[in-house]
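Following: one structure in structure tokens, then a few remarks.
Any value given below was found using the heavy atoms of this structure, including those in side chains, with hydrogens, waters and symmetry copies removed. Numbering of residues begins at 1 and proceeds along the displayed sequence.
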Amino acid sequence: MDTYYPVVKRIARSACHSSATIDMADLTQVGEIAVLRAIKTYDPSSGTNIHSYVARIVRQDIYNEAARFLGIFTVDHR
């Protein structure tokens with residue numbers, strides 16, 4: 001879990017820049033839960049690196065939560 005914390009923090013910080021009203025701690029918590037879910041659902045036979053897979057799931061969950069919080073359906077993923 002600690003291995004992925006810098007990734008979670010970086011993605012949460014980038015999503016937090018979308019609006020000043022989003023709490024960084026909330027997005028980090030969403031990311032940490034996403035890490036656990038990604039590790040549980042990872043399939044090594046898919047040929048994807050686990051770090052790439054976890055980062056993709058974390059990014060998806062954090063940006064979806066930010067979009068839900070802001071009441072919009074898309075968030076700038078830069």
Side-chain angles (χ1 to χ4, degrees):
M1 180 69 182
D2 292 336
T3 305
Y4 300 105
Y5 185 72
V7 173
V8 170
K9 190 173 177 182
R10 186 186 73 234
I11 294 170
R13 188 178 316 121
S14 70
C16 197
H17 289 295
S18 301
S19 172
T21 59
I22 299 176
D23 187 27
M24 174 80 170
D26 289 342
L27 292 180
T28 303
Q29 205 168 39
V30 168
E32 291 172 351
I33 293 169
V35 167
L36 296 174
R37 188 171 55 85
I39 290 172
K40 185 177 179 179
T41 61
Y42 176 68
D43 180 17
S45 66
S46 67
T48 307
N49 182 344
I50 189 166
H51 297 289
S52 301
Y53 181 74
V54 169
R56 183 172 55 90
I57 297 299
V58 167
R59 183 176 296 109
Q60 176 183 339
D61 284 5
I62 286 177
Y63 277 102
N64 284 342
E65 179 64 21
R68 190 182 66 75
F69 179 79
L70 295 172
I72 56 177
F73 295 105
T74 59
V75 175
D76 187 10
H77 291 279
R78 283 185 264 167

Working to the nearest 0.5 angstrom, can you tell me the gap between [X] [atom1] and [Y] [atom2]?
X: T3; Y: I39; atom1: OG1; atom2: CD1; answer: 8.0 Å
X: I11; Y: R56; atom1: CD1; atom2: CZ; answer: 11.5 Å
X: Y53; Y: T41; atom1: OH; atom2: OG1; answer: 3.0 Å
X: I62; Y: T28; atom1: CD1; atom2: OG1; answer: 6.5 Å
X: E32; Y: Q29; atom1: CD; atom2: CD; answer: 7.0 Å

Partners passing side-chain contact (heavy atoms from CB on, under 4.5 Å) against A55 (at least two apart in sequence or in another chain): V7
S52: side-chain contact (heavy atoms from CB on, under 4.5 Å) partners, not counting sequence neighbours: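 With sequence neighbours excluded, S52 shows a side-chain contact (heavy atoms from CB on, under 4.5 Å) to T48, N49, given in chain and number order.
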Would a 4.5 Å heavy-atom cut-off, applied to side chains only, mark [X] and [Y] as touching?
X: Y5; Y: V35; value: no
X: I33; Y: D61; value: no
X: I57; Y: Y42; value: no

[X] and [Y]: which non-hydrogen atoms are nearest, and at how many Å?
X: Y63; Y: S14; result: OH-OG, 2.8 Å
X: R59; Y: R10; result: NH2-NH2, 4.1 Å
X: L27; Y: A15; result: CD1-CB, 3.9 Å

Worked check of side chain to side chain contact (heavy atoms under 4.5 Å, CB included) between H51 and Y4: CA-CA 8 Å; H51 297 289; Y4 300 105; 3.2 Å; yes
